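One structure below.
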Amino acid sequence: MQVVYSFGAVGAVMVAAAAGLVIGGSAWIAVVAYAGFAVFLAGFCYRVVQWAAAPVPFRVPTTCGQQTSLPWIKSAALENPSTTSGVLGRMGLEILLFRSLFRNSQAGLHEKRLILSEQKYLWLAALAFHWSMLVILVRHLRLFVEPVPALVVALARIDGFFQLGAPDFYVSDMVLACALAYLLLRRFRDPVVRYISQFSDYFALLALIGIAASGLSMRYVTRVDVVAVKQFALGLAAFHPVRPAALGAMFAVHLTLISVLAAYIPFSKLMHMGGVFLSPTRNLANNNRAKRHVNPWNYPVKTHSYAEWEDDFRAKLKAADIPLEADHATRASAD
Amino acid sequence: MPQELLRIEAKKPGGNWTDPAVQFRKGVFCYSAAAKNVRALDLPNPRDWQPFDADWKLPPDWKRILLEGMKERLEKYRSFRLFMDICVRCGACADKCHFYVGSGDPKNMPVVRAELMRSVYRRYFTLTGRIFGRLAGGRELTEDIVKEWFYYFYQCTECRRCSVFCPYGIDTAEITMIGRELLNLIGCNTNWVLEPAANCFRTGNHLGIQPHGFKDSLEFAADELEEITGIRVDVPINRKGAEILFVMPSADYFAEPHYYTLLGYMMLFHEIGLDFTFSAFASEGGNFGLFSSHELMKRLNAKVYEEAKRLGVKWILGGECGHMWRVLHQYMDTMNGPADFLEEPVSPITGTKFENARSTRMVHICEFTADLIHSGKLRLDASRNDRWRVTYHDSCNPARSMGLLEEPRYIIRNACHRFFEMPENTIREQTFCCGSGAGLGTDENLEMRLRGGFPRANAVKYVQEKHGVNLLACICAIDKATLPTLLEYWAPGVEVGGVHELLGNALVMRGEKPRTTDLRGEPLSAEVTHA
Amino acid sequence: MASSNDLVEQWFAQTLESFPDLSARFLAEEKDRFRNPVGHALHTSMAALLQEVLGNMDAGKIAPALDAIVRIRVVQDFTPGEAVGFVFLLRSIVRGSNPPRPAMIEARIDQLALMAFDQYMRCREQIAEIRANEIRRQTRARPALQRK
């Protein structure tokens with residue numbers, strides 16, 4: 001059911017994009033893009049501030065290796081960091097290489113055949129998706145910046161290394177498409193993942209697939225007028241939207257989906273892109289006993305003090321010859 | 001045909017996790033906390049009730065209390081708010097929970113356990129959830145959900161194994177802890193957590209042993225040690241001016257096989273001439289507050305520093321215990337510190353500074369002993385443990401909340417000859433829980449524990465078959481209480497013991513008589529005795 | 001007749017139907033015996049049992065295999081009938097494969113079922129016993145407990 005709704009929602013966005021184009025032309029696209037990014041920026045900041053505003057009362061890292069204790073025991077500097085640099089390393093591994101997800105993976109020999117478990121592909125697909133997405137985003141900078149930064153040019157050149165077809169075929173496009181397809185298939189096929197999947201999960205994937213498909217078709221099939229796109233994009237970036245030549249329905253769909261997805265990010269699990277940096281089980285050093293962590297809302301609690309305890313058990317303590325603080329009750333006995 | 005009928009009856013559809021109905025079948029849940037224990041701790045809504053009752057006698061405004069409690073905690077714990085928001089449901093954690101692996105119940109997948117809470121969070125605390133409800137993954141908070149929370153949040157041992165595999169470090173233990181804290185607000189708690197907590201609050205320890213009983217226990221242990229070694233060890237209690245305060249889980253002096261670990265500590269302290277004291281007030285290092293609420297944890301933990309300050313010791317040494325060390329390592333200093341009245345711990349025997357404990361000023365006995373062995377201060381005769389073929393179970397909290405992995409192994413390798421590791425995806429940070437931690441270890445919950453403990457026991461059975469392992473060493477009082485039961489069922493023939501029991505067996509003491517038995521009173525083999 | 005491997009797979013698959021769908025898939029597909037101890041135990045023990053039913057009916061080999069399966073199912077969410085019912089699934093599977101001497105095989109399956117019931121009861125009794133043992137250990141009569 002969740003899948004159906006998600007398909008419906010993504011379809012509706014596409015229809016709205018096309019309809020908007022017919023009615024409002026490229027001005028409509030500009031409005032959608034600005035609205036989408038405004039919601040994204042405001043929402044994203046709001047959520048991050050909301051997280052950041054919540055204190056971290058306790059230092060609760062999950063330790064995944066040997067602690068730093070005695071000098072002759074080798075500690076796991078990255079899996080169980082006790083220093084800031086170690087934490088940076090751990091976070092780096094986590095964010096750049098998805099270290100924890102990799103832990104899941106298990107390549108094993110089963111009945112003499114090498115089997116990569118299902119989870120290995122999850123790690124691979126997740127990594128492939130996120131990295132190719134980053135490459136594609138950076139490549140897109142060439143549409144928004146003039147002159148195009150050398151880094152972007154270089155990246156595009158590496159990405160188009162195979163120089164197949166015309167225009168050059170980008171490896172990242174292929175990788176992204178495959179990874180997304182795998183991730184979606186996995187949601188459908190794996191009963192465990194299907195069981196836990198919700199509207200939000202399908203919607204995000206389907207929107208991304210829509211974005212990728214429309215982008216790929218513009219590049220390889222319908223061959224959008226790149227000069228016109230760039231003119232439009234530069235205008236958008238400079239807050240001076242220009243009215244370019246017709247960009248086509250595919251472009252409208254592409255940009256609308258991006259805008260809608262961007263606007264959806266702050267309301268969804270896609271916030272993990274910001275949240276991953278803040279996770280207290282990962283971004284704190286396991287130096288708990290070496291450096292005191294302060295809880296800003298620490299408050300006094302009702303305890304049973306030694307004096308009360310001694311009063312409660314004075315006679316028995318005396319009889320057992322256990323040293324006392326005072327020979328007589330210091331308060332009304334509760335015993 | 002009859003067999004076809006049977007199959008249809010047995011067929012269990014996976015269903016939909018959003019349906020909160022749970023069945024409280026005897027053997028798979030913990031009984032409610034007795035009113036007297038709830039009262040003893042001044043907690044809300046003391047009453048007589050049981051989870052299988054239809055009416056849980058919740059306070060009339062239970063829903064408001066829960067939602068306000070949730071709001072407060074969302075603002076106080078970044079972990080909670082973040083973990084409510086960022087799960088992408090990738091499924092990496094699904095098969096990492098020992099309860100899921102052992103039971104096949106889908107709601108035991110960590111992601112779903114958390115979704116039980118998340119769905120309510122979405123419905124009441126997010127814009128999309130308030131508008132779109134179920135479509136945005138929201139669930140209305142109902143009494144059935146309270147029951148579901150109770151069932152599944154007391155079916156999580158807060159072992160943190162899932163959080164090792166989560167790409168965002170989402171820790172189900174954090175969610176379970178908050179979940180239990182919320183349930184406590186409306187008086188839904190279990191007796192096996194609150195009775196020890198209430199006892200601990202009053203007398204200082206879980207079983208409610210009073211100071212004279214505490215002393216008798218330790219004296220009795222000294223008597224027994226004298227029989228075994230011919231040496232009379234001191235039992236200092238509440239002694240002011242000692243250099244070190246020693247705090248242990250109370251099970252060490254009343255339960256088996258913990259008791260042999262206590263003998264090990266006492267031998268060690270005597271042999272190295274440690275200037276230390278026990279405390280009848282801080283007679284419990286364990287802290288069942290951890291399984292109930294942060295506040296109760298702090299209330300019960302306070303006595304450790306209070307007693308250290310009163311006695312004027314320099315620093316504190318802590319015995320073998322899992323959840324106790326979770327509290328001591330990750331919470332104590334923050335909650336009840338700073339411990340500026342203590343000194344930075346230095347081993348009086350070796351002069352080693354325990355730099356890693358320079359703020360909290362409490363050292364784990366395994367760190368302390370490993371340093372002694374490494375510095376050559378102990379004479380160990382490992383052959384006295386030759387009847388054991390040992391494997392080591394990493395207890396969840398020392399493994400995943402401290403990283404105390406090598407110290408106990410170092411002691412074991414020095415104290416016995418035959419040590420075998422279990423398979424690597426079942427030890428160290430990937431260790432499987434005993435299935436009875438976090439207040440689940442009660443006998444009425446035995447069947448659930450046997451399910452949850454199966455992955456652990458299965459790995460033990462593997463080394464039993466492969467290497468003839470007959471002793472599982474561990475450094476956790478809950479392990480020592482519950483793993484013998486578990487292994488009796490799943491891997492009979494494997495016993496459970498503490499690391500310092502092995503050390504005690506191997507420790508050659510000055511002036512000791514020839515040992516004829518080990519600490520359990522079992523005869524040492526002839527060749528060892530005459531060696 | 002179908003190979004005994006095929007029969008084991010059929011038997012295993014039908015037995016897993018007693019679990020929720022998604023768990024059945026996990027139990028069937030995860031091959032690591034430590035990640036999936038339940039699936040591993042069921043599968044290897046069923047293979048051993050089938051071999052005995054079609055072979056020598058060696059009690060020494062049947063007992064541990066049957067024990068491994070029943071022991072797990074006793075503590076899971078099954079009624080006693082569901083817990084041992086997996087044995088009966090074997091009847092239609094074997095019958096469908098046209099074995100030689102079908103009457104003897106069916107009699108053996110019946111025998112296996114009775115053994116499974118016995119084993120189920122033994123496990124139940126053992127649970128009661130280990131529960132009592134645990135309580136005894138946790139209150140090992142140290143003086144502390146005698147002096148309240």
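Lettering follows sequence order; numbering is per chain, from 1. On a predicted model such as this, the values are computed, not experimentally measured, just so you know.
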Step by step, work out the side-chain contact (heavy atoms from CB on, under 4.5 Å) result for D333(B) and Y305(B). CA-CA 9 Å; D333(B) 203 354; Y305(B) 275 157; 4.1 Å; yes
Pick one of side chain, backbone, both or neither for V60(A), based on which atoms fall under 4.5 Å of a heavy atom in chain B. both
Tell me, side chain or backbone of D321(A) under 4.5 Å from chain B's heavy atoms, or both, or neither? both
Where on N287(A) is there a heavy atom nearer than 4.5 Å to chain B: the side chain, the backbone, both, or neither? neither
So for E94(A), is it side chain, backbone, both, or neither that comes closer than 4.5 Å to the heavy atoms of chain B? side chain
Measure I73(A) against the heavy atoms of chain B and call it side chain, backbone, both or neither at under 4.5 Å. side chain
Which answer fits F98(A), side chain, backbone, both or neither, if we ask what part of it has an atom under 4.5 Å from a heavy atom of chain B? neither
Tell me, side chain or backbone of S75(A) under 4.5 Å from chain B's heavy atoms, or both, or neither? neither
Interface moiety of K291(A) toward chain B, non-hydrogen atoms closer than 4.5 Å: backbone
Examine K76(B) relative to W297(A) and say whether NZ or CZ is less than 6.0 Å from the centre of the six-membered ring and inside a 45° cone about the ring axis. yes
Chain B contact via R99(A) - side chain, backbone, both or neither, heavy atoms under 4.5 Å: neither
For F203(A), is it the side chain, the backbone, both, or neither that has a heavy atom closer than 4.5 Å to a heavy atom of chain B? neither
Check for me whether the distance between the ring centres of F199(A) and Y5(A) falls short of 6.0 Å. no
Got a sec, which residues hit side-chain hydrogen bond (donor to acceptor under 3.5 Å, both in side chains) with T369(B), two or more places apart in sequence or on another chain? H500(B)
Pick one of side chain, backbone, both or neither for P300(A), based on which atoms fall under 4.5 Å of a heavy atom in chain B. backbone
Is a donor from one side chain sitting under 3.5 angstrom from an acceptor on the other, for S359(B) and R289(A)? no
Contacting moiety of R292(A), where chain B heavy atoms sit under 4.5 Å: both
Could you walk me through whether E306(B) and K303(B) satisfy the salt bridge (Lys or Arg N to Asp or Glu O under 4.0 Å) test, starting with their C-alpha distance in whole Å, then the side-chain angles of each, then the deciding distance to 0.1 Å, before giving a yes or no? CA-CA 5 Å; E306(B) 186 186 351; K303(B) 64 177 175 280; over 6 Å; no
